[in-house]
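Small disclaimer: the values here were computed from a predicted structure and weren't measured.
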Amino acid sequence: MHNTGTVPQSAPAPAEIPAETPTAPVEDPHGDTGRHARRFGLPVATALVMGNIIGGGIFLLPASIAPYGTVSLVAFGVLTVGAIALALVFGRLAARDPRTGGPYVYAREAFGDFAGFLAAWSYWITTWVSNAALAVAAVGYLDVLIPVNQHRWTACLAALVLQWLPALANFAGTRYVGAVQLVSTVLKFVPLLLVAVGGLFFFDPDRLGPFNSSGQGAIGAVSASAALLLFSYLGVESAAVSAGEVRNARRNVGRATVIGTAGAALVYLLGTLSVFGTVAHDRLVTSTAPFSDAVNTMFGGSWGGTAVALAALVSMTGCLNGWTLLSAQTPYAAARDGLFPSAFTRRRRGVPTVGVGVTVVLASLLTVYNYFSGSGKVFEVLVLVTTFTATVPYLLAAAAQIFHLVSGRPEAVDRARLVRDCVVTAVAAAFSVWLMAGAGYAAVYQGVLFLFAGIIVYAVMAARRQRKRTMPSATGR
């Protein structure tokens, strides 16, 4: 923890960051390094990206977009192009500045403290609200295996357990976070690939239904189905946010981000296409478990529901594990620069423990409120807000890359790939704006209120930094 009598020191400038050795352990500010604190390699960093993008939503996606017809597959393609463009931008920014914090670091370096704070604040809100939502959704799948939804006390307790188990893995150190993420990603991909690849052998074009069954034009149908799919791609920034824990971050963050995003997109597209071709369209529109229906069609029997419930539970637990780490990394980076309270700089075994603790407590309180307030709509609005708050740092990161490209500084721009970088960044910026628009007017309105609350926090932290700067001169008079 930083001494409260001194001004928190900013992270070193990008040019001052030494090259990382493949075996170097994570340096803990409190001297707590060792076998529990370990940098991620490319496989774990890729698993972090894929695991955070693919949560539990994929198990319901085919039924959600089925009413629009197979035109929704076009929306998948458009969104994938935008997501990969954003992934490439994160890779370029991480190669320039491979510090923990991702969009926060990029926004602050390009536009100053206030933009950096907005990126950190909005991203932090996204993580703990999403964690609460994910845990509540996971209870629905757990109920298939163990009846917990019969009483709100047992359902609430189950949701809290699902949040705290990944938090405990984080408290144990980055070594265990990486292990849980890698194992959960592999386990959840087994049933997903079973449907995505195996379903192609049972594919029947007659089950696809009409190309456009939305009752509107093709462009309108693509936009409407895309609005349901937008949230599915949140998480492309995962490796960039944890860049400080990635070995050879200048190279591996970009690779992990692009590979992870492309891999997730491939699973999304193949899985949805296979379900479309194995489950009759009129049945798929009303299905509550499309992957279960696909497995039952492929192999017969009724064991598909249990198999999919297990896969979804593993998927969501792994997703919670990764998002819990990310929820602490951005406040940690901001706290090092004095933009968040200094307590967030506390690390143990490579993990910002205060950030993990505060985040899981806030998510737990929101979960309890959801179960006992009697108003599910309030919680649903908060979940929608995360779509908006997540795109704020995305847009700021894309804007930072635009700033570097337009400024023409030779140390910040690779002139050999200038045109390609400009095109990719323009697509990423447009994708970020589209994500924001897809959140809806109500979510944008609520999200702006969250951002305004953050401005008050920024004002307090800025005043404290100013007071610390003037304190030595005042005492010397």
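Side-chain contact check for T324 versus V360: every heavy-atom pair is 4.5 Å or farther apart. Contact check for V136 versus Y371: side-chain heavy atoms found under the 4.5 Å cut-off. With contacts defined as side-chain heavy-atom distances shorter than 4.5 Å, the pair L118/W121 does not qualify. Within the 4.5 Å cutoff, the side chain of K468 has no heavy atoms near those of the R465 side chain. A 4.5 Å side-chain heavy-atom check between L134 and C319 finds at least one atom pair inside the cut-off.
T386 approaches L234 most closely through the heavy-atom pair O-CD1, 4.4 Å. Here the shortest heavy-atom pairing between V89 and A428 reads CG2-CB, 3.7 Å. Contact between F117 and I455 at its shortest, heavy atoms only, is CE2-N, 4.4 Å. Between C156 and V368, the shortest heavy-atom distance links the atoms SG-CG2, 3.9 Å.
A distance of 10.5 Å separates CG in N131 from CG in L366, rounded to the nearest 0.5 Å. How far CH2 of W128 is from CD of Q163: 11.0 Å, rounded to the nearest 0.5 Å. Atom-to-atom distance recorded for T353:OG1 and F344:CZ is 11.0 Å, nearest 0.5 angstrom. Expressed to the nearest 0.5 Å, how far CZ of R255 lies from CG of N248 amounts to 8.5 Å. Rounded to the nearest 0.5 Å, atoms OH (Y458) and CG (L451) are 14.5 Å apart. Taken to the nearest 0.5 Å, the OG1 atom of T425 stands 9.0 Å off from the CZ atom of R92.
Few gaps surround CG on L449; more than 12 heavy atoms of other groups in view lie less than 6.0 Å from it.
S122 places a side-chain N or O within donor-acceptor distance of the main-chain N or O of A119, the cut-off being under 3.5 Å. The backbone N or O of A95 sits less than 3.5 Å from a side-chain atom of R250, completing a donor-acceptor pair. Judged by distance alone, with hydrogens and angles left aside, the side-chain atoms of T127 form a donor-acceptor pair with the main-chain N or O of W124 at under 3.5 Å.
In this structure, the ring of F111 has its center less than 6.0 angstrom from the ring center of F403. Aromatic rings of F340 and Y332 (six-membered ring for Trp) have centroids beyond the 6.0 Å cut-off, not under it.
A search for side-chain hydrogen bond (donor to acceptor under 3.5 Å, both in side chains) contacts involving T126 returns T389, not counting sequence neighbours.
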For this session: Please lay out, stage by stage, how D337 and D113 fare under the test side-chain contact (heavy atoms from CB on, under 4.5 Å).
Result: CA-CA 9 Å; D337 297 323; D113 286 350; 5.7 Å; no

Problem set entry | Audit row: F76, V81, side-chain contact (heavy atoms from CB on, under 4.5 Å) steps and yes/no | CA-CA 9 Å; F76 254 128; V81 171; over 6 Å; no

For this session: Begin from the C-alpha positions of T359 and W323 and carry the test side-chain hydrogen bond (donor to acceptor under 3.5 Å, both in side chains) through to its verdict.
Result: CA-CA 10 Å; T359 296; W323 277 106; over 6 Å; no

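Aromatic ring pairs are classed by plane angle as parallel below 30°, tilted from 30° to 60° and perpendicular above 60°; the pair F90 and Y394 is perpendicular.
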